[in-house]
Amino acid sequence: MNTDRAKVAVIGSGLMGRGIGLAFAIGGHDVILVDLNLEILNKSLEQAKSTLSILEQEGLTSEPIDKISSRISLEPSIEQAAAKSNFIVEAVFENLEVKKDTFRKLDGASSVETILASNTSSLPISSIASATNHPERVVGAHFWNPPHLMPAVEVVYGEKTNDSIVSKTVEILRDIGKKPAIVRKDIAGQIGIRILYSMIREATYLVESGVASAEDVDTVVREALGTRLEVVGPLELADLSGVDLVNNVAKGLYKTLDDSVEPQKIVKDMVARGETGIKSGKGFYNWKSGSQTVDEVLRKRDSHLIKILRERRNEQTRN
Ligand SMILES: NC(=O)c1ccc[n+]([C@@H]2O[C@H](COP(=O)([O-])OP(=O)(O)OC[C@H]3O[C@@H](n4cnc5c(N)ncnc54)[C@H](O)[C@@H]3O)[C@@H](O)[C@H]2O)c1
């Protein structure tokens, strides 16, 4: 596959799918967005244009936004889209049967040269691939939300995925400015979700056992760990601190870390009370009368990501 001319289809134009489509269109590829729900599909182009105008105001587009959006087309038929594409990213509901049904259709309607990638966060790539006659061309491409702003994409091997499919997927992701990382085994949660959930498990434990409030746990993670993690990963950090020190700390500390094998009681109780977070207005925080609104947090998150991307772009221009 020549990545310069990759024609990309994104199946499912929800939260992730439309952002993934946008990332490819910004990167210069023609994109076909597909969704079963025509209302969602028809809105997705307008949503993409409005996101593009924010990116343009922030100086993050290098072409007129009409030109970028003209690369995006809408297609209600998964088979039609599959027949016209050579790189397909699936972003439908996180449900194995729905994903298998989607891959069965993609497998039947596309050329065998076409790469079939799944954006699943938690389902095994091998199980999704088992619905196809060519599991060697099925790969995970796990984008992070919001996909047009978050640089990392985990490229995940299924048991039968061909090396060349992984290499081409890495190539096309680099081509659109992403930072792909290869996950060599089809492991639950891949890299990022595993690390995120070890952190959520420990953060929940600290709150549940009365060690600290949710606000104070988040303050330490944001202000001590987060600011540094953007430039130094945990294993670089281990080298900087000294692996001998890590060894000594781990000897004493690991025994005291939370090792729950299921969600803690505090989480189960919150769910039972309907305290599901921003959806209900209350979770670990009170989103109705608390110190910040959901919109403020999302705006803060996006302007931070935009600032990082702008700095990286300026750095690349200088080099
Ligand atoms: N939301 C996140 O933060 C996030 C992050 C990384 C990965 N993911 C993964 O991305 C995938 C999509 O998540 P989302 O948050 O965008 O969900 P979503 O509900 O916003 O979007 C899913 C879309 O798929 C469409 N759809 C469902 N079945 C379909 C089918 N058979 N054919 C065509 N379209 C179909 C739905 O109409 C909907 O618009 C999931 O696998 C999820 O685990 C989500």
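Indexing begins at 1, ligand by ligand and atom by atom, following the structure's order. In this text, all values refer to a predicted model and were calculated from it rather than measured experimentally. Heads up: numbering here begins at 1 and tracks the sequence.
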Proximal ligand 1 atoms for [X], defined as those under 4.0 Å from one of its heavy atoms:
{"X": "K99", "answer": "40 (C), 41 (O)"}
{"X": "I40", "answer": "39 (O)"}
{"X": "N37", "answer": "37 (O)"}

Does the side chain of [X] come under 3.5 Å of the side chain of [Y] through a donor N or O and an acceptor N or O?
{"X": "W287", "Y": "Q292", "answer": "no"}
{"X": "S289", "Y": "N286", "answer": "yes"}
{"X": "N86", "Y": "T114", "answer": "no"}

Protein contact to [atom] [nearest heavy atom, distance to 0.1 Å]:
{"atom": "atom 19 (O) of ligand 1", "value": "F93 CE2, 3.4 Å"}
{"atom": "atom 39 (O) of ligand 1", "value": "D35 OD2, 2.6 Å"}
{"atom": "atom 20 (O) of ligand 1", "value": "L15 N, 3.0 Å"}
{"atom": "atom 10 (O) of ligand 1", "value": "N119 ND2, 2.9 Å"}
{"atom": "atom 13 (O) of ligand 1", "value": "M16 CG, 3.9 Å"}
{"atom": "atom 35 (C) of ligand 1", "value": "V92 CG1, 3.5 Å"}
{"atom": "atom 3 (O) of ligand 1", "value": "N145 CB, 3.4 Å"}
{"atom": "atom 22 (C) of ligand 1", "value": "A91 O, 3.6 Å"}

State plainly whether the residues [X] and [Y] are in salt-bridge range, i.e. N to O under 4.0 Å.
{"X": "D107", "Y": "R104", "answer": "no"}
{"X": "E90", "Y": "K99", "answer": "yes"}
{"X": "E58", "Y": "R310", "answer": "yes"}

Would a 4.5 Å heavy-atom cut-off, applied to side chains only, mark [X] and [Y] as touching?
{"X": "E154", "Y": "F143", "value": "no"}
{"X": "K185", "Y": "V183", "value": "no"}
{"X": "I26", "Y": "L55", "value": "yes"}

Exercise. What part of F143 sits under 4.0 Å from ligand 1 if we count only heavy atoms: the side chain, the backbone, both or neither?
Worked result: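 Answer for F143: backbone.
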
Exercise. Is ligand 1 under 4.0 Å from a heavy atom in the side chain of L36, in the backbone, in both, or in neither?
Worked result: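 Looking at L36 and ligand 1, atoms from backbone and side chain both fall under 4.0 Å.
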
With respect to [X], determine whether any N or O atom, backbone or side chain, lies less than 3.5 Å from an N or O atom of ligand 1.
{"X": "H142", "value": "no"}
{"X": "E94", "value": "yes"}
{"X": "S121", "value": "yes"}

Exercise. What do you think, any protein heavy atom under 4.0 angstrom from atom 37 (O) of ligand 1?
Worked result: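 Yes, there is a protein heavy atom closer to it than 4.0 Å.
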
Problem set entry | Residues T161, E136; criterion side chain to side chain contact (heavy atoms under 4.5 Å, CB included); working and verdict | CA-CA 4 Å; T161 312; E136 72 283 355; over 6 Å; no

Exercise. Per the side-chain contact (heavy atoms from CB on, under 4.5 Å) rule, which among V92, D35, N42, N37 passes with S13?
Worked result: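 The residue from V92, D35, N42, N37 that satisfies side-chain contact (heavy atoms from CB on, under 4.5 Å) with S13 turns out to be D35.
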
